Amino acid sequence: MPDTAVEAPHQPANKLPRVFYRLAAGDALSTYGSQLDLVALSLFAYEAAGNALGTAGYLVLRLVGGLGGGLVAGRLVARLDRRRLMTGCAAAQALALVVVALAPASARIPVLYPLALILGGAAAVCAVSLRTSIPEMVGADRRARANSLMASCRSTAMVLGFASAGVVVAWAGFRAALLIDAASFVLFGALVLRLPLPTRAAPADGPAAEPEQPTAEADRPAPTAKERRRRWQALIVLRATPVVGAMAGIRLLDAFGSAAHNISLPVFANQSSPGNPAALLGTFWATWAIGNLAAQQLVSRFMLRRGIEPGERGFALGTCLMSACFILVFTDLPTPLFLVVAIGAGLGDGFTEISYTTRIQALADERRGEAFGILASAENVGMGTGMLLSGSLLALLSPLTVVGVSHAVPIVLALGFLVLVSRTRRR
């Protein structure tokens, strides 16, 4: 099915196509499976290797695969059928999980590590393809609402995946958990393949339309076909759209902070609630999910209805709120304040996700995929280095110190970015 073969059904200006809700549900299902296999395969690697290095090696290779996938995703979404690309990535992840699940005990490590690269790379390419296609699926004027819906469904699925992973693995075993995850990817791929929505901008017969959010980079000419074939295409996009470069840098350091708080939370939970650390972790992530869902409601019910679309400023403010709240989580607050801060962390996280996705989608179709690929690579670099450094620093420093330093840097950069954006708009 070609990318532009099917027209999206007519919808009111403030409504998403009904079939898009099916896509959001399918994406949430695959996200749930991803969190399930992340936990299952981490434990699987630990048991197979007999030490923590097995888990670390698997996670690092998965992030390396995500980095590689992000670097090539822009070129792939520009040249290939995006619907089939997403379906192929889902099928590759499903096949990799089936191979790991059915591998004999003696072959687990030799099989798992190469497949970790496939899982990480395919996930990155699929995510870039989906985000790049959303403006064509729902219309440029509804992309913020679509991103809000996708972020809410995805965050809910993440929490459910993490919360149920231990139960599923304990009750059904590793193989069953991996096969459940593989089935989720198969269902997502089948849904995307039959989705009656366009994924690529139709060729324009007349003059190109003006971008929805004109900024300084909008006046620059789009890269030529020759430029797009160059190996340094990402640098061309960064030069043409410096805002993307700034956001990628902030997202890289923000991902570093995310790795720090994800690694530090279990340590903090054991220190603060040695009798039941799992309850503290579960409470935090459930409350974080409430804040994340509240971000979707804030955007859709209060901002979009007033014609306010989150953009660069929303991205910067959301980053500051999220990082500040994650620092406060580790300050031994009373329970009521702890819950308020957890909601704030989820609110900032969700708002940042919606804001930067919506802003990048304002780029022309031929630049959008490369920009999302840059961001995906930046996030994987930040997450990978953050896991390695934070894990080492926790042996010497307190969780508050590690998380405080890791999240203070993106706050400073986000504030600087906010000042530059405000000055540019005034000019």
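This one's a predicted model, so the numbers in the text were calculated from it and none came from an experiment.
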*How long is the span from the CG atom in L389 to the CZ atom in F256, to the nearest 0.5 Å?*
4.5 Å
*With sequence neighbours excluded, residues passing side-chain contact (heavy atoms from CB on, under 4.5 Å) with S258*: D254, H261, N262, M383
_Q93 and S30, any side-chain heavy atoms less than 4.5 Å apart_ = no
*asked:* What's the separation between atom NE2 in H407 and atom CE in M322, rounded to the nearest 0.5 Å?
replied: 6.5 Å
*L339 CG to T287 OG1 distance, which is reported to the nearest 0.5 Å*: 5.0 Å
*Close side-chain approach of S398 and Q271, heavy atoms under 4.5 Å*: no
*Just wondering, do C153 and D27 contact through their side chains at under 4.5 Å, heavy atoms?*
no
_Within this structure, what is the CD1-CZ distance for the pair I360 and F372, rounded to the nearest 0.5 Å?_
6.0 Å
_Short N-O contact, E136 and R82, less than 4.0 angstrom_ = no
*Can S184 and D181 be said to form a side-chain hydrogen bond (donor to acceptor under 3.5 Å, both in side chains), step by step?*
CA-CA 5 Å; S184 75; D181 185 20; 3.2 Å; yes
*T319 vs F417 side-chain heavy atoms within contact, under 4.5 Å*: no
*Heavy-atom check, side chain of L265 versus side chain of F330, under 4.5 Å*: yes
*Might you point out which heavy atoms bring A28 and A157 nearest each other, and give the distance in Å?*
O-CB, 3.1 Å
*Classify the angle between the aromatic ring planes of Y356 and F315 as parallel (below 30°), tilted (30 to 60°) or perpendicular (above 60°).*
perpendicular
*Specify the closest pair of heavy atoms between S377 and G70, including all atoms of both residues, with the distance to one decimal.*
OG-C, 3.1 Å
*Closest approach of L97 and A182, non-hydrogen atoms and distance?*
CD1-N, 3.8 Å
*Locate the shortest heavy-atom distance separating I354 from A144; write the atom from each residue and the value.*
CG2-O, 4.1 Å
*Taking the side chain as every heavy atom from C-beta outward, state whether L418 and R313 have any atom pair closer than 4.5 Å.*
yes
*Look up atom OG in S133 and atom CZ in R143, then write down how far apart they are to the nearest 0.5 Å.*
14.5 Å
*asked:* With heavy-atom distances below 4.5 Å as the criterion, would you say the side chains of M387 and I263 are in contact?
replied: yes
*asked:* Using the side-chain contact (heavy atoms from CB on, under 4.5 Å) definition, which of the options L117, L115, L119 pairs with R62?
replied: L119
*asked:* Among M86, R83, R84, exactly one meets side-chain contact (heavy atoms from CB on, under 4.5 Å) together with S129. Which residue is that?
replied: M86
*Drop me the distance from L85's CG to L130's CG, to the nearest 0.5 angstrom.*
11.0 Å
*Just wondering, do M150 and T357 contact through their side chains at under 4.5 Å, heavy atoms?*
no
*asked:* I'd like to check the side-chain contact (heavy atoms from CB on, under 4.5 Å) partners of L102; sequence neighbours left out, ordered by chain and number.
replied: V98
